[in-house]
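Right, one structure below, let's go through it.
All residue numbers refer to positions in the sequence shown, counting from 1.
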Amino acid sequence: IRARALASLGVAAVAFAAAWVYPALAITPWFAAPPYLDAEQSRALAVETPLTLAAGIEARAGSARAEDGIVHVRLVWGATQPITQSYRIAIRAIDASGVVIAERMAIPHDGRFATTQWTPGRLFVDEYALPLPSGAAPVSARVELLTRDAAEAPRARARLDMPIAQ
């Protein structure tokens with residue numbers, strides 16, 4: 001009986017240790033950087049003409065689609081040099097008459113991947129959702145990018161035209 005009790009205690013200790021350690025190994029922390037694209041994916045984007053938004057920050061590709069009153073924007077970002085300043089990115093959907101119909105400002109990767117953490121020469125995918133007001137016409141919208149520093153002072157302005165798919 002004593003050997004059985006010790007064996008049960010040992011199994012319980014291993015199970016407890018595994019339950020305590022495993023989540024730390026298996027769950028990606030909230031603040032983790034997005035995965036970088038691999039070499040093959042990056043080569044496929046090499047033919048794209050990058051849009052330089054600020055010193056060292058470029059957008060390689062993008063797409064936008066409207067679905068259920070939300071414009072979903074997908075961007076491929078990269079750094080060409082070390083970035084010493086953290087920028088916020090404003091993504092704007094603008095209708096045909098020039099009126100902003102949706103806007104989202106954020107640090108890339110949903111606030112978790114400051115530009116100062118980007119590795120030069122590596123690309124990653126970033127996605128945003130822009131809720132539209134009811135009655136907005138996302139068909140005639142385009143997406144604008146505006147980089148701003150943490151103090152909200154405009155640093156560079158560029159527009160990446162992306163047709164909004166339905």
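Taking all atoms of both residues into account, the shortest heavy-atom contact from V100 to E103 is CG1-CB, 4.2 Å. Here the closest heavy-atom approach between residue P82 and residue P120 is recorded as N-CG, 3.5 Å.
Expressed to the nearest 0.5 Å, how far OG1 of T115 lies from CD1 of I83 amounts to 5.0 Å. We find the CZ-CE distance between R92 and M105 to be 7.5 Å, quoted to the nearest 0.5 Å.
When the side chain to side chain contact (heavy atoms under 4.5 Å, CB included) test is applied to E67, the partners found at least two apart in sequence or on another chain are R65, H72. Scored by the side chain to side chain contact (heavy atoms under 4.5 Å, CB included) test, T84 finds no partners at all (sequence neighbours excluded).
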Show me, pair by pair, the donor-acceptor contacts under 3.5 angstrom made by side chains of residues 123-137, not counting sequence neighbours?
residue, atom, partner, partner atom, Å
D126, OD1, H109, N, 3.0
D126, OD2, W77, NE1, 3.2
D126, OD2, H109, N, 3.0
D126, OD2, Y128, OH, 2.5

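By the 4.0 Å N-to-carboxylate-O rule, R122 lies too far from D38 to be salt-bridged with it.
Grouping the Ile, Leu, Val, Met, Phe, Trp and Tyr side chains by contacts below 4.5 angstrom, directly or via other members, places Y36 apart from I107.
Judged by distance alone, with hydrogens and angles left aside, the side-chain atoms of W118 form no donor-acceptor pair with the main-chain N or O of I57 at under 3.5 Å. A donor-acceptor contact shorter than 3.5 Å is absent between the side chain of Y87 and the backbone of A114.
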